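What follows is a set of notes on a single structure, which appears directly below.
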Amino acid sequence: MSDLAARARTLREALARYNHQYYVLDAPTVPDAQYDALFRELQQLEAAHPELLTPDSPTLRVGAAPRDGFQEVTHRVPMLSLNNGFSEADIQNFDRRVREGLGLTEVDYACEPKFDGLAVSLLYRNGVLVEGSTRGDGETGEDVTANLRTIRAIPLRLPLADPPPVLEVRGEVLMLKQDFAALNAAQAARGEKAFVNPRNAAAGALRQLDPALTAQRPLSFFAYGVGEVEGLDLPPTHALLMDVLARLHFPVATERAVVRGVAGLLQYFERIGQQRAGLCYDIDGVVYKVDAFRLQQALGFVSRAPRFAIAHKFPAEEALTEIVDIDVQVGRTGALTPVARLKPVFVGGVTVTNATLHNEDEIRRKDIRIGDQVWVRRAGDVIPEVVAVVLAQRPDNARQFIMPMRCPVCGSAVTRTADEATSRCSGGLFCPAQRKQALLHFAQRRAMDIDGLGEKLVDQLVDGGLVRAAPDLYTLALEPLAQLPRMGMKSAQNLLAAIAHSRQTTLGRFIFALGIRNVGEATARDLARHFGDLPALLAATPEALQAVPDVGPVVAQSIHDFLAEPHNRDVIARLLEQGIHWPEVQAPTVQARPLAGLTLVLTGTLPHLSRSEAQVRIENAGGKVAGSVSKRTHYVVAGADAGSKLEQARTLGIQVLDEAQLLSLLNQETPSP
DNA sequence: GATCCTCGAGTTCT
DNA sequence: CTCGAGGATC
């Protein structure tokens, strides 16, 4: 190694050390000026000798070159969400389910504050931070590595002589209250707009395309767990894992604790609630996790959330405001939804002006009238909700809401069946509102994924008579499009490119995009998998449809009715004429589906297949992958370090397979008994 | 017939 | 995110 390389390395190590002392331990050991001098020396060295620049260099913290957009990142271990509890009863139920699931009388829980920030994943390969991503939908997020590198509290290199090949650390990016206040003061001094709350400020900073801008925002990070790990023995409990992360120089919440039983949980909640206002960051509750990883594994998951953890949320903030009016919105299926127009009110970190009232019955039940003073909160801290009316303050001229007899958009009759709470516009696709919603549904990301075709544009296209139904999108010409208001040549070209791009799709997305009542993303995929191609679906009788998993009489009838409608047939035919296509789905013959009707449970780490690969293969073979072992499980597939699921399989006398046996099962020609 | 779980649909704001 | 309904299971 040359002298220069050695010097660069010394500088990097010293800066990393000072950084950790300053930003994580809050105990600087050198004056700022000295830090700055070392930093500049390293910057100059790297500028003169670019080959000395490493991915863990602190100079990257001031921001790399701006980018065009963010790459997608697939999380190899999904980033799950937590179930929420609001009441003592919720927490008691949680504890009861945990105890029953484990067969224990008392359980130890690791508790920590629930940060109100953004979940991110940090991937360290051989001890160096190589990739950082947002949580996204839990399966895939965005690559924000350059932005995360600017956060001083995040180590760029693990302080280990012999780092593990892979360590994925998960945690929350947030802005400390004091930093937020200072940032807003600075914004105000410059005459710029203030941020609404620390969470939004942090979210905005993380999504900057120019990392140099992110670097100017004072972001912090706290770790709360790990994802993928290779070559590192994890301690047996969550609390000990947090200690390990702290030793690796990650900031972790100091308010964490291990408590016993539900009484301990409730005491902890009480204590943190009292400390809340004095904490240096915003929190929206606390998180409880079963402390022992062995027990966590035994409990497993229900759909997208772990059974071994719960978020105990503080009650949502409520605010008083006035119902100025009640409007009616028309949805894709013609559902008429009353929406309260509110006098703008700041609640739960944002200004709320609208709140859904769901349906007539709901309005009657809460006795909401136009002109009333009402309490408003953000349900689950997101969607505004009218909680209650202040009857004592009802003005004399308060008006009751009456569901219109005719659709406010198209004038068709409004109907309501006895068994449904919703009123519907009977206009069908004659109603512009329904046509617009159908188009938005068609274009949405999980359907045909036409980028840029949003509400405003759909309004213009439909109102301007350019588009009546989805097939018209594919015959749009550039000139008339470019003449729309607020639409230039460039945007028009982009839109046409996005539309053209959507021609290549999958059968499942296409079926979902059609907008058949009661057929969402999952059912559309099931239909695609079951029938394999479109003609088979078009020809299916209601009985044949019910053979598809999760399709019963109601859904089957919806599909049949939709496909029997000549207009819908015409739309499908025209879309195909416009060149919409998809790769052929594997023929769903009995031979190709050796696991049809079987339920398997995966446990432990398989030698070659990842868990998700194994799942995809099993599902492609017609099998189901369940989260926990029951007497309905046909096989348990066990790999290395298999946990209690394996034990349970043995107790219940369920056949256990290894990876090789699974593969031979997948390859066999006929269904297994 | 009761209960659990999953999916669909509608919704807000930035 | 939440609600409600449809489907599956016990």
Side-chain angles (χ1 to χ4, degrees), chain A residues 81-84 86 93 97 118 137-138 193-197 199-207 284 301-305 307 311 313 316 327-342 344-359 361-362 365 376-387 417 419-424 433-434 437-438 440-441 444 446-447 454-455 511-512 514-527 545-559 597 599 624 626-628 630-633:
Chain A
S81 51
L82 292 180
N83 284 323
N84 291 322
F86 293 92
N93 282 334
R97 281 194 302 267
L118 298 114
D137 62 4
K193 209 173 80 191
F195 295 97
V196 215
N197 57 45
R199 191 180 186 285
N200 282 4
L206 206 55
R207 295 209 32 121
D284 55 0
F301 300 85
V302 187
S303 72
R304 271 177 216 122
R307 254 191 285 250
K313 296 284 204 75
D327 285 351
V328 173
Q329 278 179 4
V330 185
R332 173 169 65 90
T333 62
L336 298 187
T337 311
V339 181
R341 306 294 175 200
L342 306 167
V345 60
F346 191 77
V347 53
V350 297
T351 305
V352 167
T353 51
N354 301 314
T356 176
L357 299 172
H358 299 111
N359 56 57
D361 296 351
E362 173 88 359
R365 197 159 46 232
V376 173
R377 74 168 168 218
R378 298 216 299 149
D381 280 333
V382 180
I383 297 181
E385 172 187 40
V386 173
V387 185
T417 54
D419 58 334
E420 262 197 335
T422 39
S423 306
R424 290 178 193 279
Q434 291 188 51
Q437 293 296 322
L440 279 172
H441 174 82
Q444 70 156 286
R446 290 174 326 194
E455 197 175 341
I511 295 171
F512 175 54
L514 292 175
I516 304 169
R517 182 93 74 89
N518 297 319
V519 175
E521 207 182 355
T523 309
R525 239 190 336 243
D526 282 345
L527 288 168
L545 288 163
Q546 286 194 54
V548 179
D550 297 319
V551 174
V554 175
V555 178
Q557 198 58 46
S558 298
I559 301 169
T599 302
K624 262 194 167 167
S628 56
S630 70
K631 58 187 171 196
R632 298 197 56 260
T633 309

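By convention in this document, chain letters (A, B, ...) are assigned in the order of the sequence lines, proteins followed by strands, and residues within each chain are numbered from 1. Quick caveat, the model's predicted, so the values are computed rather than measured.
A/L440 pairs by the side chain to side chain contact (heavy atoms under 4.5 Å, CB included) definition with A/Q437, A/E455, A/V458, not counting sequence neighbours. Every residue meeting the salt bridge (charged side-chain N to carboxylate O under 4.0 Å, His left out) condition with A/R446, not counting sequence neighbours, appears here in chain and number order: A/E521. Under the side chain to side chain contact (heavy atoms under 4.5 Å, CB included) criterion, A/A311 pairs with A/L82, A/N84, A/K114, sequence neighbours left out. Take A/T351 and apply the side chain to side chain contact (heavy atoms under 4.5 Å, CB included) test, not counting sequence neighbours, and it matches A/P344, A/F346. In this structure, the side chain to side chain donor-acceptor pair (under 3.5 Å) partners of A/S558, at least two apart in sequence or on a different chain, are A/N518. With sequence neighbours excluded, no residue satisfies side chain to side chain donor-acceptor pair (under 3.5 Å) with A/T422.
Within residues 550-557 of chain A, the residues approaching DNA chain C are A/D550, A/V551, A/G552, A/P553, A/V554, A/V555, by heavy-atom distance under 4.0 Å.
When rounded to the nearest whole Å, the span between CD of A/Q437 and C1' of B/dG8 equals 15 Å. The separation between A/I559 atom CD1 and C/dG6 atom C1' is 12 Å, rounded to whole Å.
The salt bridge (charged side-chain N to carboxylate O under 4.0 Å, His left out) pairs that include a residue from residues 327-337 of chain A are A/D327-A/R341, where partners are two or more places apart or lie in different chains.
Taking all atoms of both residues into account, the shortest heavy-atom contact from A/L342 to A/A355 is CD1-CB, 4.0 Å.
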How does protein contact run along nucleotides 9-14 of chain B, one letter per nucleotide 5' to 3', with B for base contact, S for sugar-phosphate only, - for none, heavy atoms under 4.0 Å? SSBBS-

